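Predicted, not measured: the structure shown is a model, and the values here were computed from it.
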Amino acid sequence: MGPGPADVHPRVLAALARPTIGHLDPAFVAMMDELKTLLRGAFRTDNALTMPVSAPGSAGMEICFVNLVEPGDTVVVCINGVFGTRMKENVERAGATAVVVEGTWGRAVDPEQVERTLAAHPEARLLAFVHAETSTGACSDAQALAEIARRHDCLTICDAVTSLGGSPLEVDAWGLDAVYSGSQKCLSCTPGLAPVTFSERALDKVRARTTKVNSWFLDLNLIMGYWSGEQKRSYHHTAPVNALYALHESLVMLAEEGIERAWARHAHHHQALRAGLEALGLELIVPEAERLPQLNAVAVPAGIDEAEVRARLLARYNLELGAGLGSLAGKVWRIGLMGHSSRPENILLCLGALGTELGALGHQTDTGAALAAARAVLGTD
Ligand SMILES: Cc1ncc(COP(=O)(O)O)c(C=O)c1O
C-alpha cells in the first residue's frame with residue numbers, strides 16, 4: 001500500500017509467464033493492436049497515437065518533452081510536488097526556458113495563478129502539469145488547466161502516472177494534448193511501461209519541428225513506424241514482449257470491471273480508509289476537495305518516528321507504506337490504494353496495523369473504532 005508499484009493480480013503475473021514470441025510475429029502484432037484499443041479506452045481518447053513506451057513512467061515524461069519542446073521555446077511548468085520539479089528539469093535539458101507556477105505542496109495547482117502566468121508569457125506554447133501528484137496526494141483540475149491553455153494557444157503535457165485507471169481522466173473531453181502514465185500504479189501491472197497518448201495538435205507540433213528530436217530512442221517519428229497501424233511495422237527496438245502481455249491482461253481486467261466502476265471503487269475505498277484514519281485521530285494533509293482517492297498522505301502525529309512505524313508494518317504485517325518526499329520527508333505517510341491494492345481487506349489490515357503499532361509506541365488510539373468506522377463505509381461487519 002505504498003505509492004506504487006501496486007499489487008499485481010495473479011492473472012497479470014500468469015500473462016507475464018507465457019512463452020516469448022517474436023515482436024514482429026503476426027500474433028504479437030495483433031495483440032499490440034488490441035493493446036492500443038484497450039489503452040484508448042483507459043485514457044478515454046480516440047487518439048491514433050496511443051501506445052506504451054518500453055520504459056517506466058519517467059520515459060513517458062521524457063517522450064513528451066523531447067518531442068514537443070524545441071530549443072528556445074518557453075514552457076510554463078506547474079510545480080506542486082516532486083514530479084513537477086522533474087518536468088522543469090526536462091524543459092531545461094531540452095534547451096528551453098521553464099516559467100514556473102510555484103504551487104503549495106499538498107494542494108492542487110491554482111488555475112488562476114496559471115491564467116496569470118500564461119497572460120504574462122504570451123510567448124509560451126506549452127503548459128505542463130501533474131494531474132495526480134503522487135508525492136502529496138493532491139489532484140489538480142486537468143480539465144480547467146487544459147481549457148486555460150487552449151485560450152492562450154498552448155498545448156498541454158499532462159502527467160497521469162497515478163491517475164490513469166484510478167480517478168476520472170478524460171483525455172478527449174478535456175482536450176489534453178500529450179498525456180503519459182505508468183503501468184505500475186492503478187493499472188496494477190508490473191513496473192516498466194509508460195502508456196502515452198498524443199492528440200493530432202501535438203503531432204502537428206512534432207511534425208513542424210525545425211530541429212531533430214534530441215533522443216534517438218524516444219523520437220516519435222521513429223517509434224510511430226513500429227506502433228502505427230497504417231504503415232508496415234518496421235524494427236525499432238526489441239519490444240518487452242512479456243511485459244506487454246502483462247499490460248494487455250491488466251487492461252483487459254480494467255475493461256471487464258469498467259473504467260467508471262474502477263474509479264468508483266477507488267473513491268469508495270478511499271472513503272473507508274479516511275473514516276478509519278479519522279477514528280484513529282490521524283489527518284489527511286490535502287483538503288477534501290483536492291484529494292486523490294488512490295494516494296492518501298497522512299500527517300505523522302507529533303513525537304512519532306515515521307520510519308519506525310513503517311519498518312514495524314513491513315516486518316510484522318508484510319505491509320508497505322510510503323514515506324514523505326522532499327519537503328514532506330519525515331512528516332507524512334503515503335498510503336496507496338491503487339488498482340489491485342485497493343481492496344477492503346487491505347484497508348482493514350492497514351488500519352489495524354497502524355492503530356496497534358501507534359499504540360505500542362505510546363500514541364493512544366482506538367483501533368476498534370477505526371475498524372468499525374471503515375467497516376461502516378465498506379458495508380461489511
Ligand atoms: C506522478 C509521477 N510521475 C512520474 C513518475 C515516474 O514514473 P517511474 O517511476 O515509473 O519512472 C512517477 C512515479 O512514481 C509519478 O508518481
Using a distance-only test with no angle check, is there a side-chain donor-acceptor pair under 3.5 angstrom linking [X] and [Y]?
{"X": "D172", "Y": "T45", "value": "yes"}
{"X": "Q294", "Y": "S342", "value": "no"}
{"X": "Q271", "Y": "R274", "value": "yes"}

For this session: Return the orientation label for the W174 and H131 ring planes: parallel under 30°, perpendicular over 60°, tilted otherwise.
Result: perpendicular

Does the distance from a Lys or Arg side-chain N to an Asp or Glu carboxylate O, for [X] and [Y], drop under 4.0 Å?
{"X": "D177", "Y": "K205", "answer": "no"}
{"X": "R209", "Y": "D219", "answer": "no"}
{"X": "E133", "Y": "R107", "answer": "no"}
{"X": "R201", "Y": "D204", "answer": "no"}
{"X": "E70", "Y": "R125", "answer": "no"}
{"X": "E257", "Y": "R265", "answer": "yes"}
{"X": "R151", "Y": "E115", "answer": "yes"}

Would you say the side chain of [Y] lies within less than 4.5 Å of the side chain of [X], judging by non-hydrogen atoms?
{"X": "T356", "Y": "Y317", "value": "yes"}
{"X": "T134", "Y": "M338", "value": "yes"}
{"X": "R316", "Y": "E357", "value": "yes"}
{"X": "W333", "Y": "I304", "value": "yes"}
{"X": "L244", "Y": "F28", "value": "yes"}
{"X": "E89", "Y": "M61", "value": "no"}
{"X": "V300", "Y": "K331", "value": "no"}
{"X": "L127", "Y": "H152", "value": "no"}

For this session: Please test V213 against L220 for side-chain contact (heavy atoms from CB on, under 4.5 Å), starting from the C-alpha separation and ending with a verdict.
Result: CA-CA 8 Å; V213 172; L220 273 178; over 6 Å; no

Report yes or no: do [X] and [Y] belong to one cluster of Ile/Leu/Val/Met/Phe/Trp/Tyr joined by side chain heavy-atom distances under 4.5 Å?
{"X": "L273", "Y": "V286", "answer": "no"}
{"X": "L24", "Y": "I223", "answer": "yes"}
{"X": "W263", "Y": "L337", "answer": "no"}
{"X": "M31", "Y": "L16", "answer": "no"}
{"X": "F129", "Y": "V161", "answer": "yes"}

Please check if the side chain of [X] supplies one atom and the backbone of [Y] the other of a donor-acceptor pair under 3.5 Å.
{"X": "Y245", "Y": "P19", "answer": "yes"}
{"X": "S163", "Y": "A132", "answer": "no"}
{"X": "N318", "Y": "A315", "answer": "no"}
{"X": "Q184", "Y": "G4", "answer": "no"}
{"X": "R40", "Y": "A48", "answer": "yes"}
{"X": "D73", "Y": "A96", "answer": "no"}
{"X": "S140", "Y": "V109", "answer": "yes"}
{"X": "N47", "Y": "L49", "answer": "no"}
{"X": "D7", "Y": "S188", "answer": "no"}
{"X": "S181", "Y": "A160", "answer": "yes"}

At what distance, to the nearest 0.5 angstrom, does [atom1] of [X] lie from [atom2] of [Y]?
{"X": "M1", "Y": "I335", "atom1": "CE", "atom2": "CD1", "answer": "6.5 Å"}
{"X": "H269", "Y": "L378", "atom1": "NE2", "atom2": "CG", "answer": "6.0 Å"}
{"X": "C189", "Y": "L254", "atom1": "SG", "atom2": "CG", "answer": "12.0 Å"}
{"X": "L118", "Y": "C154", "atom1": "CG", "atom2": "SG", "answer": "5.0 Å"}
{"X": "L295", "Y": "H270", "atom1": "CG", "atom2": "NE2", "answer": "11.0 Å"}
{"X": "L35", "Y": "H248", "atom1": "CG", "atom2": "NE2", "answer": "6.0 Å"}

Exercise. Could you walk me through whether I157 and Y180 pass the side-chain contact (heavy atoms from CB on, under 4.5 Å) check?
Worked result: CA-CA 8 Å; I157 295 180; Y180 61 90; 4.0 Å; yes

For this session: Go through the steps for W105 and V82 under the test side-chain contact (heavy atoms from CB on, under 4.5 Å), then give the verdict.
Result: CA-CA 9 Å; W105 287 47; V82 166; 3.5 Å; yes

Where is the tightest heavy-atom contact between [X] and [Y], given as atom of each residue plus distance?
{"X": "T156", "Y": "A146", "result": "CG2-CA, 3.9 Å"}
{"X": "P56", "Y": "A194", "result": "O-CB, 3.5 Å"}
{"X": "L321", "Y": "R310", "result": "O-CD, 3.4 Å"}
{"X": "A275", "Y": "A373", "result": "O-CB, 3.7 Å"}
{"X": "I63", "Y": "L218", "result": "CG1-O, 3.4 Å"}
{"X": "L68", "Y": "A178", "result": "CD1-CB, 3.5 Å"}

Seminar exercise, completed: Between F43 and the options V196, L176, L164, the side-chain contact (heavy atoms from CB on, under 4.5 Å) test singles out L164

For this session: Begin with the C-alpha distance, continue with both residues' side-chain angles, and end with the deciding distance and a verdict on salt bridge (Lys or Arg N to Asp or Glu O under 4.0 Å) for K88 and E102.
Result: CA-CA 11 Å; K88 174 172 182 275; E102 201 68 62; over 6 Å; no

Exercise. When you look at D159 and R86, which way does the salt bridge (Lys or Arg N to Asp or Glu O under 4.0 Å) test go after all the steps?
Worked result: CA-CA 11 Å; D159 179 319; R86 292 194 184 175; over 6 Å; no

Problem set entry | Residues E306, R334; criterion salt bridge (Lys or Arg N to Asp or Glu O under 4.0 Å); working and verdict | CA-CA 11 Å; E306 71 82 24; R334 290 180 303 146; over 6 Å; no

Tell me, yes or no, whether the heavy-atom count around [X] atom [atom1], taken from other residues, nucleotides or ligands under 6.0 Å, exceeds 12.
{"X": "R93", "atom1": "CZ", "value": "no"}
{"X": "E283", "atom1": "CD", "value": "no"}
{"X": "E256", "atom1": "CD", "value": "yes"}

Problem set entry | Residues V8, E249; criterion side-chain contact (heavy atoms from CB on, under 4.5 Å); working and verdict | CA-CA 11 Å; V8 179; E249 189 67 15; over 6 Å; no

